[in-house]
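Protein chains get the first letters and strands the later ones, always in sequence-line order, with residue 1 at the start of each.
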Amino acid sequence: MNAEFRKARVLVGDAEASAELVRGRVIEAVERYGKFIVFRLAPSGYLLVHLGMTGKLLLDPTVRKHTHAIFTLSDGILQYEDSRQFGRVECREVLPERVTKLGPDALAVSSEDFVALVRGRKTRLKALLLNQEIVRGMGNIYADEALFRAGIHPLAMGARLTRARVRKLWEAMREVLTEAIASKGSSISDYVDAEGERGSFQESHRVYQRDGKPCVVCGAEIQRILVAQRGTHFCGVCQRR
DNA sequence: ATCGGTACCTGCACGC
DNA sequence: TGCGTGCAGGTACCGA
């Protein structure tokens with residue numbers, strides 16, 4: 001592959017050194033690590049991509065206003081596009097500690113480990129689920145959806161939940177992520193996958209951005225509050241404090 | 001250890 | 001039509 005970086009802000013590290021690191025290398029595998037997309041390169045090295053809020057990896061050669069990186073592959077062009085520039089691209093010989101220090105993956109963590117992680121924290125459940133150093137892979141949409149399905153209030157404290165309720169949250173988290181992945185994710189405004197396909201899980205959201213609308217279970221009005229500066233949606237009846 | 005606030009960006013919906 | 005405001009799939013950093 002060959003890489004061209006057009007925007008310093010979205011590249012972690014030096015543009016020249018990054019391009020040199022990936023030059024001539026082959027993509028051996030593409031894996032997910034929490035919210036990171038990891039391209040494992042041969043004979044060595046990694047290309048890491050975090051989409052942030054509006055990042056997209058596209059198999060599309062058209063360079064547009066927000067095209068920040070262009071990867072020339074043996075069979076086509078892959079580009080990184082990101083209007084808000086909150087995402088990041090990084091080329092490294094080894095995975096950076098910022099990434100390796102994250103918690104276990106939300107879809108791989110065992111029920112018992114998850115119970116221990118959650119009950120060991122005094123912080124609010126919503127903030128806990130968004131903290132990638134506790135469990136990696138959950139974002140704002142899926143935190144709200146998982147808490148709703150588990151019937152847990154976003155302001156509830158991890159340390160005060162019974163084991164049974166945390167186990168229920170573990171199940172809800174896996175269920176939500178598995179369904180969302182099967183639906184190719186949630187396209188809130190313009191998210192598309194590498195083939196340009198929108199996701200459809202937004203059609204299955206039960207609380208996220210449904211404030212003011214009736215709860216699908218009890219009919220009560222869905223509430224919106226701020227927790228750790230993030231919009232948080234829940235049903236005050238199904239998710240009691 | 002954890003929290004609240006701020007900062008970083010662009011684009012869109014909305015009210016006036 | 002334009003302008004101001006608030007909001008958005010996320011993370012990092014600061015001081016408390």
Side-chain angles (χ1 to χ4, degrees), chain A residues 6-13 32-37 48-58 64-69 80-90 96-103 106-107 116-148 154-160 173 176-177 179-194 197-213 222-233:
Chain A
R6 320 175 83 236
K7 188 76 161 187
R9 182 183 155 74
V10 302
L11 178 68
V12 181
R32 184 182 66 77
Y33 189 97
K35 297 182 188 174
F36 288 85
I37 298 166
L48 295 156
V49 177
H50 192 302
L51 301 179
M53 301 267 229
T54 50
K56 285 173 238 175
L57 273 175
L58 302 169
R64 287 175 293 272
K65 185 178 177 186
H66 298 299
T67 299
H68 304 316
Y80 180 68
E81 186 184 35
D82 187 355
S83 64
R84 288 183 72 185
Q85 303 170 37
F86 282 173
R88 293 292 181 268
V89 172
E90 185 169 6
E97 199 199 328
R98 209 180 71 256
V99 173
T100 57
K101 75 175 179 184
L102 300 181
L107 279 178
L117 284 167
V118 170
R119 301 213 331 144
R121 296 292 181 135
K122 284 188 214 168
T123 187
R124 301 150 162 159
L125 255 291
K126 178 62 186 279
L128 192 157
L129 290 177
L130 291 180
N131 185 345
Q132 306 294 298
E133 293 187 21
I134 298 174
V135 165
R136 66 178 194 259
M138 291 289 282
N140 202 38
I141 294 173
Y142 306 117
D144 282 4
E145 294 296 322
L147 287 169
F148 173 77
L155 296 178
M157 300 292 178
R160 302 194 52 177
M173 173 175 81
V176 162
L177 289 176
E179 287 177 25
I181 289 167
S183 302
K184 299 185 176 184
S186 305
S187 291
I188 302 302
S189 58
D190 62 353
Y191 166 75
V192 290
D193 68 14
E197 285 283 311
R198 285 173 61 84
S200 62
F201 193 69
Q202 67 279 3
E203 294 161 21
S204 303
H205 292 173
R206 299 182 191 172
V207 287
Y208 185 76
Q209 287 190 350
R210 288 197 66 250
D211 39 310
K213 298 200 171 80
I222 298 300
Q223 314 285 303
R224 179 185 180 277
I225 58 172
L226 276 183
V227 184
Q229 309 304 115
R230 307 300 302 279
T232 297
H233 316 76

In whole angstroms, the gap separating P of C/dC7 from CG of A/Asp144 amounts to 15 Å
**Study point:** Nearest-angstrom distance, P atom, B/dT6 to C/dT5
**Key:** 16 Å
Residue set satisfying salt bridge (charged side-chain N to carboxylate O under 4.0 Å, His left out) with A/Arg119, at least two apart, ordered chain then number -> none
Separation of B/dT10 atom P from A/Arg84 atom CZ, nearest Å, is 10 Å
In whole angstroms, the gap separating C1' of C/dT11 from CE of A/Met53 amounts to 9 Å
Ranking B/dG11, C/dG10, C/dA8 by distance to the side chain of A/Asn140, first place goes to C/dG10
The single option from A/Leu51, A/Asp82, A/Thr67, A/Asp190 that satisfies side chain to side chain contact (heavy atoms under 4.5 Å, CB included) with A/Lys56 is A/Asp190
To the nearest angstrom, the NZ-P distance between A/Lys35 and C/dG10 comes to 4 Å
- [ ] Would you please determine if the base of C/dT11 is stacked by A/Phe86, with stacking meaning a centroid separation under 5.5 angstrom and planes under 30 degrees?
- [x] no
At 4.0 Å (heavy atoms only), tell me whether A/Arg88 reaches a base, stays on the sugar-phosphate, or touches nothing.
nothing
* With respect to the phosphate group of C/dA8, does any side-chain polar atom (N or O) of A/Arg224 fall under 4.0 Å of OP1 or OP2? -> yes
Rounded to whole Å, the CZ-P distance (A/Arg64 to B/dG11) equals 13 Å
Closest to the side chain of A/His66, out of B/dG4, B/dT10, C/dG10, is B/dT10
Rounding to 0.5 Å, atoms NE2 (A/His66) and CD (A/Glu81) come to a distance of 7.5 Å
Minimal heavy-atom distance between A/Tyr142 and A/Ser186, with the atoms involved, is OH-OG, 2.7 Å
P spacing across the pair C/dG10 / B/dA1, given as an integer number of angstrom
24 Å
Neighbour count above 12 (heavy atom, 6.0 Å) for A/Arg160 CZ: no
DNA chain C in dot-bracket form (Watson-Crick or G-U pairs under 3.5 Å, [ ] crossing, | inter-strand) is .|||||||.|||||||
**Message:** Can you tell me if A/Arg9 touches the phosphate of B/dC8, counting only side-chain N or O atoms and a distance under 4.0 Å to OP1 or OP2?
**Reply:** no
Value for NE2 (A/His205) from CD (A/Glu145), rounded to nearest 0.5 Å, stands at 5.5 Å
Exercise. Hey, does A/Lys7 reach any base, or is it just sugar-phosphate, or nothing, if we go heavy atoms under 4.0 Å?
Worked result: nothing
Rounded to the nearest 0.5 Å, the NE2 atom of A/His233 sits from the CZ atom of A/Phe148 at a distance of 13.5 Å
Quick note, A/His50 side chain, CB onward, closest among C/dA12, B/dC9, C/dT11 is C/dT11
Rounding to 0.5 Å, atoms CG (A/Leu129) and CE (A/Met173) come to a distance of 7.5 Å
Requested in this report: Kindly say if A/Lys65 contacts the phosphate of B/dG11, meaning a side-chain N or O under 4.0 Å from OP1 or OP2.
Outcome: yes
*asked:* Please determine whether a side-chain nitrogen of the Lys or Arg among A/Asp144 and A/Lys126 lies less than 4.0 Å from a carboxylate oxygen of the Asp or Glu.
replied: yes
Separation of C/dT11 atom C1' from A/Gln85 atom CD, nearest Å, is 15 Å
In whole angstroms, the gap separating P of C/dC7 from NE2 of A/His233 amounts to 10 Å
Reckon A/Ser186 touches a base, only the sugar-phosphate, or nothing at all at heavy-atom distances under 4.0 Å?
base
Student check: side-chain heavy atoms of A/Tyr191 and A/Met53 closer than 4.5 Å: no
> Do any side-chain nitrogens or oxygens of A/Gln229 fall under 4.0 Å of OP1 or OP2 in B/dG5?
Replying inline: yes
So, with a heavy-atom separation below 4.0 Å from DNA chain C, the residues of residues 122-137 of chain A are A/Gln132
Is A/Ser189 touching bases, backbone alone, or none of the nucleic acid, heavy atoms closer than 4.0 Å? base
Rounded to whole Å, the CG-P distance (A/Asp190 to B/dA13) equals 11 Å
*A/Gln132 side chain to A/Leu130 main-chain N or O, any donor-acceptor pair under 3.5 Å?*
yes
